[in-house]
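Here's the structure, in structure tokens; my notes come after.
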Amino acid sequence: MTRVAVCCGVGGTGKTTISAALAVSWAASGERVAVLTIDPARRLADALGVGALDNVPREVALPAGAEGTLHALMLDRKGTWDEVIARRARPETVERLLHNPYYRAVSTRLSGSHEYMAVEKLHDLVTSGRYDRVVVDTPPTQHVVDFFRAPDRVRGILDRSLLRALFDPGDGLRGTAARGALSLVRRLAGDRVMGEIQEFFELMSEMSSGFVARSEAVAALLKSPDTAYWLVTDANAPERNDLLGFLEELRERGMGFAGFLVNRVEPVPEGPFPSREALLAMARARGGDARAWEFAVEALVRLPEAAAARAARQRAAIGELVKAAGGAPAWRIPEVPGGVRSIDGLAALAPALPPSPPAR
């Protein structure tokens with residue numbers, strides 16, 4: 001069975017870097033891994049040190065000694081819609097849909113369709129048999145809830161009853177009202193546009209049962225015991241309310257929360273550090289303005305204390321977050337000066353990531 005790791009969190013926490021580092025870590029340990037980003041910001045390719053990514057899994061060169069494989073891809077919403085249609089419809093239906101203006105609008109702009117195509121692509125990767133694990137880099141938290149709701153929304157959009165309600169409203173008071181609304185829409189949109197919309201729903205209706213079945217399958221995948229959700233946050237801004245609200249959403253939906261991945265944690269400084277007297281002696285030996293050196297020495301002496309205070313504040317905040325989440329596990333990912341910019345840099349984060357034990 002393919003396992004799934006979904007990385008969620010607010011923007012600016014390094015979520016894409018952590019997703020890539022998890023994928024590299026599992027691949028290095030011998031797993032066949034795919035990492036999928038549905039965040040349109042296109043940062044995954046930069047994190048992995050490769051060129052532009054697209055809808056087709058692309059192999060990523062791993063550091064020497066890695067025992068597994070890694071493929072990366074970035075969701076192409078329109079491309080995935082076209083793949084789904086080509087797989088489920090008759091050739092003549094595919095041809096008509098691809099040229100239907102309303103289909104092009106749905107496949108590129110409809111709210112929720114990006115998220116639904118994301119879970120479609122995830123389902124394809126999981127059921128392909130090619131991977132032991134799939135890592136998903138999601139959009140920021142405020143949008144990723146749509147990722148969870150996507151199967152239900154698409155089932156509603158493609159429900160046959162909606163088609164009947166739109167173009168065959170029936171008799172009675174409700175039917176009269178529906179016909180009046182439809183007449184108004186037709187006057188505003190025009191017969192050509194209404195014809196395109198009707199053609200879209202009629203063509204899609206022959207695939208609606210397949211869409212419903214598939215959406216149920218992907219909904220089950222999102223709640224599967226083999227799917228784990230990780231909440232990524234920044235040690236300098238834990239965003240407790242956002243994280244805990246999102247965690248509550250996960251638990252209400254019966255989705256498996258795996259733990260917090262706290263990024264950019266500063267190390268606790270370790271001595272021995274040179275004394276003030278030793279620093280002053282070094283300064284005097286170099287000559288120059290003695291008073292200026294004194295100011296510099298005082299700043300240097302205070303650096304370890306300030307760094308220790310920042311590290312202590314971060315660990316206290318992480319402890320409060322863990323406590324508020326009912327004792328959930330948390331992993332501390334160290335701050336990397338200048339950021340992670342290579343596959344080797346991602347691999348270097350492995351000791352701080354699962355399956356290593358969480359921080360104490």
Side-chain angles (χ1 to χ4, degrees), residues 7 9-22 24-25 43 47 140-141 230-247 259-342 344-360:
C7 294
V10 299
T13 58
K15 178 168 49 62
T16 296
T17 298
I18 298 305
S19 300
L22 280 171
V24 170
S25 176
R43 286 185 289 263
T141 298
W230 301 88
L231 296 186
V232 181
T233 186
D234 189 310
N236 294 308
E239 302 287 355
R240 255 188 57 182
N241 291 335
D242 286 341
L243 282 175
L244 295 176
F246 189 65
L247 176 55
F260 296 109
L261 301 175
V262 187
N263 196 21
R264 304 177 183 133
V265 177
E266 293 197 27
V268 176
E270 297 181 359
F273 304 107
S275 66
R276 179 181 283 99
E277 291 71 22
L279 289 171
L280 284 171
M282 292 169 59
R284 293 189 191 102
R286 296 182 67 89
D289 187 338
R291 186 165 178 78
W293 276 118
E294 287 179 6
F295 280 117
V297 166
E298 288 301 320
L300 288 171
V301 167
R302 288 195 297 269
L303 279 179
E305 181 180 346
R310 286 195 303 272
R313 285 195 299 271
Q314 288 182 347
R315 282 155 179 76
I318 294 168
E320 290 176 6
L321 177 64
V322 166
K323 182 179 179 181
W331 282 257
R332 297 198 294 249
I333 296 95
E335 172 75 59
V336 178
V340 178
R341 303 183 182 276
S342 68
D344 289 325
L346 292 170
L349 296 178
L353 293 167
S356 298
R360 298 293 181 185

- Message: Quick check: closest heavy atoms across Pro351 and Ser356, and the distance to 0.1 Å?
- Response: O-OG, 3.2 Å

- Message: Using a 3.5 Å distance criterion without hydrogens, assess whether the side chain of Gln314 forms a donor-acceptor pair with backbone atoms of Glu266.
- Response: yes

- Exactly one candidate in Val262, Leu243, Val232 meets side chain to side chain contact (heavy atoms under 4.5 Å, CB included) with Thr13; the answer is Val232

- Message: Looking at every non-hydrogen atom in both residues, tell me the closest pair between Ala352 and Ile333 and how far apart they are.
- Response: CB-CA, 4.2 Å

- Item | Leu349 and Leu22, any side-chain heavy atoms less than 4.5 Å apart | no

- Message: Rounded at 0.5 Å granularity, tell me how far CD1 in Ile18 sits from OG1 in Thr233.
- Response: 11.0 Å

- Within-4.5 Å side-chain heavy-atom neighbours: Thr17 and Leu346: yes

- Message: Testing the basics here: between Ser25 and Pro354, what is the closest heavy-atom pair and its distance to 0.1 Å?
- Response: OG-O, 4.2 Å

- Item | For Pro304 against Pro269, the heavy-atom pair lying closest together | O-CG, 3.5 Å

- Item | Pairs meeting criterion ring-ring contact (aromatic ring centres under 6.0 Å, His included) with involvement of residues 298-339, two or more places apart | Trp230-Trp331

- Message: Within this structure, what is the CG-CZ distance for the pair Asn236 and Arg313, rounded to the nearest 0.5 Å?
- Response: 9.0 Å

- Note on the structure: Residue set satisfying side-chain contact (heavy atoms from CB on, under 4.5 Å) with Leu303, at least two apart, ordered chain then number -> Leu300

- Side-chain contact, heavy-atom cut-off 4.5 Å: Ile318 with Val265? yes

- Item | Euclidean distance, Asn263 CG relative to Glu335 CD, rounded to 0.5 Å | 7.5 Å

- Locate the shortest heavy-atom distance separating Val322 from Ala328; write the atom from each residue and the value. CG1-O, 3.1 Å

